[in-house]
Amino acid sequence: MIEKGLKYESVATVGDGNTAAAMGSGDMPVFATPAMAALMENAAMKAVEGALPEGAATVGTAISISHVKASPVGARIAASAELVEVDGRRLVFAVRAWDECGTIGEGSHTRFVVDRERFMGKL
């Protein structure tokens, strides 16, 4: 049973591969917004994976975030996700990311529970 309140925290270090310049979302050597979004999604996915029925997975369908502060190469980034709404197969998470100096981004993320085999069979 998937219930509100499930949480997880994912961690990354800013390196050459996850900067805005490397990912094409900007031209400076700072943590990229797409990398922050991916870290938030990872935390949400991990928050519920232990509560899923066998053969199920979650897929991201929406994300609404702000990225309010830059983080340099070498910074440790953490992202948390907390399940705040369960509506059938739809799961809504509050997400937040921070570095050593404080919050760098926050928002919400929606995922849906799917049957892995059926999902992949539709491709």
Side-chain angles (χ1 to χ4, degrees):
M1 181 75 177
I2 301 172
E3 296 183 10
K4 291 191 315 185
L6 294 173
K7 298 177 187 177
Y8 193 85
E9 187 176 299
S10 295
V11 178
T13 300
V14 182
D16 293 334
N18 60 6
T19 64
M23 297 188 81
S25 64
D27 63 1
M28 291 195 262
V30 296
F31 194 52
T33 302
M36 183 184 75
L39 196 62
M40 291 170 161
E41 284 198 75
N42 180 264
M45 176 192 71
K46 296 280 191 182
V48 297
E49 73 180 356
L52 295 173
E54 189 172 330
T58 61
V59 294
T61 60
I63 191 162
S64 177
I65 57 173
S66 61
H67 191 174
V68 297
K69 183 188 161 302
S71 301
V73 170
R76 179 186 177 276
I77 308 295
S80 66
E82 180 178 356
L83 184 58
V84 295
E85 182 182 338
V86 178
D87 182 16
R89 296 184 312 120
R90 186 174 68 90
L91 310 174
V92 179
F93 298 83
V95 291
R96 178 176 166 264
W98 62 94
D99 65 13
E100 294 90 347
C101 297
T103 298
I104 65 167
E106 58 191 352
S108 65
H109 174 48
T110 303
R111 300 185 73 79
F112 272 80
V113 178
V114 298
D115 178 273
R116 286 177 184 274
E117 228 177 90
R118 186 171 176 209
F119 182 85
M120 293 306 292
K122 291 182 178 181
L123 299 181

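- In this structure, A32 and M23 approach most closely via the heavy-atom pair CB-SD, 3.6 Å.
- The pair R118-D115 does not count as a salt bridge, with every side-chain nitrogen at least 4.0 angstrom from each carboxylate oxygen.
- With hydrogens and angles disregarded, no donor-acceptor distance shorter than 3.5 Å links the side chain of R90 to the backbone of F112.
- Residues A81 and A47 come closest through the heavy atom pair O-CB, 4.3 Å.
- The closest side-chain heavy-atom distance from C101 to K69 is below 4.5 Å.
- For H109 (side chain) and R111 (main-chain N/O), no donor-acceptor pair under 3.5 Å exists by modelled atom type.
- L52 belongs to a hydrophobic cluster with I2, L6, V14, F31, M36, L39, M40, V48, I63, I65, V73, I77, L83, V86, L91, F93, V95, I104, V113, counting contacts under 4.5 Å between side-chain heavy atoms of Ile, Leu, Val, Met, Phe, Trp and Tyr, direct or through other members.
- In E100, the CD atom is crowded: over 12 heavy atoms of neighbouring residues, nucleotides or ligands sit closer than 6.0 Å.
- Shortest non-hydrogen contact noted between G5 and E82 is CA-OE2, 4.1 Å.
- Partners of T103 by side chain to side chain donor-acceptor pair (under 3.5 Å), not counting sequence neighbours, listed by chain and number: R96.
- Residues passing the side chain to side chain donor-acceptor pair (under 3.5 Å) test with T110: none are found, sequence neighbours excluded.
- Atom CZ of R76 is separated from atom OG of S71 by 12.0 Å, given to the nearest 0.5 angstrom.
- Between the D16 side chain and the A22 main chain, no donor and acceptor come within less than 3.5 Å of each other.
- Counting all heavy atoms, side chain and backbone alike, A56 lies closest to R116 at O-NE, 3.5 Å.
- Counting all heavy atoms, side chain and backbone alike, N42 lies closest to S10 at OD1-OG, 2.6 Å.
- Across E49 and K46, no two heavy atoms sit closer than the pair OE2-CD, 3.4 Å.
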